[in-house]
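For reference, the structure discussed in these notes is given below.
None of the values given here were measured: they were computed from a predicted structure. Quick note: numbers below take in every heavy atom, side chains included, and nothing from hydrogens, waters or symmetry partners. Here is the naming used below: chain letters follow the sequence lines, and residue numbers restart at 1 for every chain.
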Number of protein chains: 2
Amino acid sequence: MSMRISELAQSTGVSLPTVKYYLREGLLPAGRATAATQADYDQTHVERLRLVRALADVGGLSLTSVRRVLQTLDAGDDQVPYAIGEAHTALGDAQSGLHADPAAPPLRAITLLQRLGWYTYDSAPALGQLEAALDAVDQVGIPPSDSVLDSYAAAALSIAETDIDGIPLDQEGAHGAGIPGGAVGFVVLATVLYEPILLALRRLAQAHVFAQRYEEPSRPGH
Amino acid sequence: MSMRISELAQSTGVSLPTVKYYLREGLLPAGRATAATQADYDQTHVERLRLVRALADVGGLSLTSVRRVLQTLDAGDDQVPYAIGEAHTALGDAQSGLHADPAAPPLRAITLLQRLGWYTYDSAPALGQLEAALDAVDQVGIPPSDSVLDSYAAAALSIAETDIDGIPLDQEGAHGAGIPGGAVGFVVLATVLYEPILLALRRLAQAHVFAQRYEEPSRPGH
DNA sequence: TCGCATTAGATAGTGTCGCTATCTAAATTA
DNA sequence: TAATTTAGATAGCGACACTATCTAATGCGA
């Protein structure tokens with residue numbers, strides 16, 4: 001299904017100048033050139049473009065991080081045991097401006113994981129993120145108790161099991177042709193794109209629990 | 001404990017020009033003026049400044065969102081039943097660039113909540129966020145099954161219960177003097193600042209589950 | 001008391017990010 | 001053939017979060 005650049009823009013809702021910009025930035029592969037001023041695009045471009053927008057808008061990644069994720073996806077290294085590591089490396093510390101002192105070892109995070117009995121590999125970017133988050137929260141004066149951390153960890157573990165269960169074992173996944181399948185691809189996408197779902201559900205659950213506990217005839221909200 | 005602006009900057013690790021910028025932007029209250037070119041700052045300023053940095057850096061909020069959160073905190077409306085609503089309103093859609101069509105009702109989100117039997121109040125910003133996230137994830141080709149959503153929801157519910165349990169019932173909370181206590185304050189801060197902890201734990205849990213399942217004595221061959 | 005550093009307050013400049021606009025020459029399509 | 005579209009290049013723009021500079025007043029130290 002061949003299309004021109006203007007159709008590609010139209011069918012994804014992305015403006016034409018932006019499509020050109022993504023091409024320049026290497027976020028979208030060039031079309032098949034048919035002449036000096038003409039190129040053909042197809043369904044893979046549509047899917048790739050939608051993926052870029054999803055990672056940027058929903059996942060909140062910078063275009064630099066999007067590019068890194070796409071590279072990991074394209075590498076197609078579908079060795080399941082490495083998928084998580086590669087996924088998290090691709091995401092890097094893109095998630096937030098958490099950096100603390102990258103030199104200092106994330107002691108509190110490591111201590112917590114040991115208490116939980118979780119496997120750790122020291123270079124995990126998430127360790128640094130966890131450490132920075134714990135530090136910040138302490139400084140603000142609302143340090144989570146160990147039991148709160150345990151609750152969070154238990155919930156995180158259950159989510160992670162759901163995530164891992166979802167990994168497609170057949171190499172080429174079910175998703176679109178513009179998006180490499182396999183374990184790495186799935187893990188990257190699920191990690192980033194299910195995140196906002198989880199966060200939204202947490203907030204909705206807060207409202208639900210709240211309503212239940214403080215049930216009153218009059219409605220909250222405004 | 002009185003201090004000058006340069007000490008305030010020093011003791012928080014924020015550059016002096018940035019402190020002045022925050023003062024201009026209304027993110028930090030002015031010091032007590034002692035003369036035309038002199039003002040005193042104290043511990044509340046230190047705490048407020050740390051809070052601003054935590055919300056911005058760890059929570060990933062824009063300074064505009066930070067200002068909104070601070071206003072909610074300062075309003076000091078500690079009516080427990082409204083805390084969640086106000087907290088989420090203050091956070092608004094600051095979390096990500098999720099906006100979809102704000103006119104269209106978030107049908108899928110509402111349907112999901114009904115299936116879960118969760119209380120909904122229609123204006124919840126999180127509903128729109130959930131809807132946008134679900135849409136995006138579908139378009140990319142990795143739609144979550146109902147059972148995945150149920151798992152996520154169960155985990156979210158358990159986290160929310162932990163969150164609500166943590167609300168200090170005594171009005172003025174235990175945290176610093178620069179940070180209003182009470183239910184609204186706690187909920188706002190816990191919602192934003194525990195988020196990165198949860199996300200980091202999820203990733204670490206993924207690595208843990210992964211390691212357990214694919215445990216192998218030697219490196220897997222090719 | 002002299003003199004230098006610090007300060008408040010105002011205004012202007014900087015660098016990054018994610019586009020958006022314009023231009024040219026070639027090719028397509030009507 | 002004339003109008004439109006395109007690739008490719010270059011330049012501009014608006015938001016954001018600072019950062020720098022200036023002025024006049026003040027503190028504080030010797």
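Between B:D135 and B:R108 there is a salt bridge, with a side-chain nitrogen of the basic residue lying less than 4.0 Å from a carboxylate oxygen of the acidic one.
The side chain of B:Y22 places no N or O atom within less than 4.0 Å of a non-bridging phosphate oxygen (OP1 or OP2) of D:dA17.
The residue B:A33 sits apart from the nucleic acid: no heavy atom pair falls under 4.0 Å. Using a 4.0 Å heavy-atom distance criterion, B:A30 is classed as making no nucleic acid contact. Counting non-hydrogen atoms under 4.0 angstrom, A:T34 reaches nothing in the nucleic acid.
Toward the 5' end of DNA chain D, the nearer of the two residues A:D40 and B:A35, judged by each one's closest nucleotide, is A:D40. When each of B:K20 and A:T64 is assigned the nucleotide of DNA chain C bearing its nearest heavy atom, the one mapping closer to the 5' terminus is B:K20.
Proximity note for B:T18 (side chain, C-beta onward) versus D:dC28, D:dT19, D:dT5: the nearest is D:dT19. Of the candidates D:dA25, D:dA17, D:dC18, the closest approach to any side-chain atom of B:R53 belongs to D:dC18. Listed candidates were D:dA7, D:dC28, D:dA20. Nearest to the side chain of B:R4 is D:dC28. In this structure, of D:dA20, D:dA11, D:dA7, it is D:dA11 that holds the atom nearest to the side chain of A:R24.
Using a 4.0 Å cutoff to heavy atoms of chain A, the contacted part of DNA chain C runs 5' to 3' from C:dG18 to C:dT29.
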